[in-house]
Amino acid sequence: MGTGTGIGRVRGLGSARHGAHHWLAQRYTAVGNLLLVLWLLFSLIALPGLDYQSVHNWIAHPLVAVPLMLMIVSIFWHLRLGMQVMLEDYVHDKGLAFLSMLLLNFYAFGGAAAGVFAIAKIAFTGIVK
């Protein structure tokens with residue numbers, strides 16, 4: 001592989017050297033999502049019942065609440081990474097691209113925060129008798 005043309009090197013055209021990080025982050029979150037969702041499914045299947053009190057008591061345990069929070073964060077991070085790639089590829093107007101990325105970030109971080117807050121609220125209220 002060459003280093004490009006002389007004029008391309010002068011203009012700074014070529015790889016920004018940041019694509020690999022984004023690609024790897026997407027793959028890491030995908031693997032994390034797969035493992036955490038499988039854990040969730042098998043854990044729900046193992047519960048004696050799926051009524052409110054059983055699920056509430058299950059979520060109240062720290063060994064359940066922490067992986068649930070990690071799953072929420074990982075899912076929203078993966079969503080943000082994928083949608084960012086789509087927006088960068090298909091939204092060409094600079095102003096609309098900026099607004100789209102801003103809304104995407106608010107949605108992703110807000111959704112993750114709301115999910116983590118909901119799990120924390122259940123976990124901190126304790127086990128219902």
Side-chain angles (χ1 to χ4, degrees):
M1 293 218 119
T3 57
T5 64
I7 191 71
R9 283 191 303 274
V10 170
R11 290 183 180 161
L13 301 176
S15 173
R17 310 244 192 271
H18 296 290
H21 170 71
H22 191 97
W23 186 86
L24 282 171
Q26 251 185 329
R27 280 17 180 217
Y28 292 151
T29 57
V31 170
N33 291 344
L34 177 66
L35 295 174
L36 289 167
V37 168
L38 284 174
W39 165 81
L40 175 67
L41 291 175
F42 287 122
S43 296
L44 288 175
I45 290 170
L47 280 177
L50 292 178
D51 58 296
Y52 174 80
Q53 187 172 356
S54 296
V55 174
H56 188 281
N57 290 342
W58 177 68
I59 294 174
H61 292 286
L63 291 177
V64 173
V66 171
L68 281 175
M69 289 178 185
L70 289 173
M71 184 181 69
I72 293 291
V73 170
S74 180
I75 286 172
F76 275 98
W77 187 14
H78 185 76
L79 171 136
R80 186 192 165 282
L81 290 169
M83 291 296 294
Q84 177 183 346
V85 170
M86 187 190 73
L87 291 173
E88 288 171 350
D89 287 346
Y90 295 109
V91 179
H92 301 293
D93 180 71
K94 296 291 184 192
L96 186 58
F98 177 78
L99 179 64
S100 299
M101 287 299 296
L102 182 68
L103 292 174
L104 173 63
N105 285 324
F106 278 132
Y107 176 76
F109 293 125
V116 168
F117 175 77
I119 294 167
K121 186 172 181 177
I122 293 171
F124 289 132
T125 59
I127 296 175
V128 177
K129 299 290 179 190

Once side-chain hydrogen bond (donor to acceptor under 3.5 Å, both in side chains) is applied, do any residues pair with D51, and if so which ones, sequence neighbours excluded? S54
Quick one: list whatever passes side chain to side chain contact (heavy atoms under 4.5 Å, CB included) with A118, sequence neighbours left out. none
Test question: given the 4.5 Å side-chain rule for I, L, V, M, F, W and Y, name all other residues clustered with L99, or answer none. L103
Please tell me if the side chains of M69 and V73 come closer than 4.5 Å, counting only heavy atoms from C-beta onward. no
Interatomic distance, L104 atom CG to M101 atom CE [nearest 0.5 angstrom]: 5.5 Å
Between CD1 of I59 and CG of L68, what distance do you get to the nearest 0.5 Å? 6.0 Å
The remaining residues in the hydrophobic cluster of V85, counting side-chain heavy-atom contacts under 4.5 Å among Ile, Leu, Val, Met, Phe, Trp and Tyr, are none
Where at least one partner belongs to residues 63-79, residue pairs that pass side chain to side chain donor-acceptor pair (under 3.5 Å), sequence neighbours excluded: T29-H78, N33-S74
Sequence neighbours excluded, which residues qualify as side-chain hydrogen bond (donor to acceptor under 3.5 Å, both in side chains) partners of Q84? R80, E88
Do F98 and Y107 belong to the same hydrophobic cluster, where Ile, Leu, Val, Met, Phe, Trp and Tyr are linked whenever their side-chain heavy atoms lie under 4.5 Å apart, directly or via other members? no
Are I75 and V66 linked, directly or through other ILVMFWY residues, by side chains that come within less than 4.5 angstrom of each other? yes
Who are the side chain to side chain contact (heavy atoms under 4.5 Å, CB included) partners of L36, not counting sequence neighbours? P67, L70, M71
Hydrophobic cluster membership, F42 vs V55, 4.5 Å side-chain cutoff: no
Sorted by first residue and then second, give each side chain to side chain donor-acceptor pair (under 3.5 Å) pair with at least one member in residues 36-47; sequence neighbours left out. W39-S43
Is there a chain of hydrophobic side chains (I, L, V, M, F, W, Y, each step under 4.5 Å between heavy atoms) that links F106 to L81? no
Quick one: side chain to side chain contact (heavy atoms under 4.5 Å, CB included) partners of I45, sequence neighbours excluded? none
Could you see if L35 belongs to whatever hydrophobic cluster contains L24? Use Ile, Leu, Val, Met, Phe, Trp, Tyr and a side-chain cutoff under 4.5 Å. no
Taking the hydrophobic residues Ile, Leu, Val, Met, Phe, Trp and Tyr, and joining any pair whose side-chain heavy atoms are under 4.5 Å apart, which ones share a cluster with F117? none
By side chain to side chain contact (heavy atoms under 4.5 Å, CB included), L44 pairs with (sequence neighbours left out) L40, L47, L50, W58
Ignoring hydrogens, what is the shortest heavy-atom contact between I72 and G111? Give both atom names and the distance. CG2-O, 4.5 Å
Any side-chain heavy atom of H56 within less than 4.5 Å of one from T125? yes
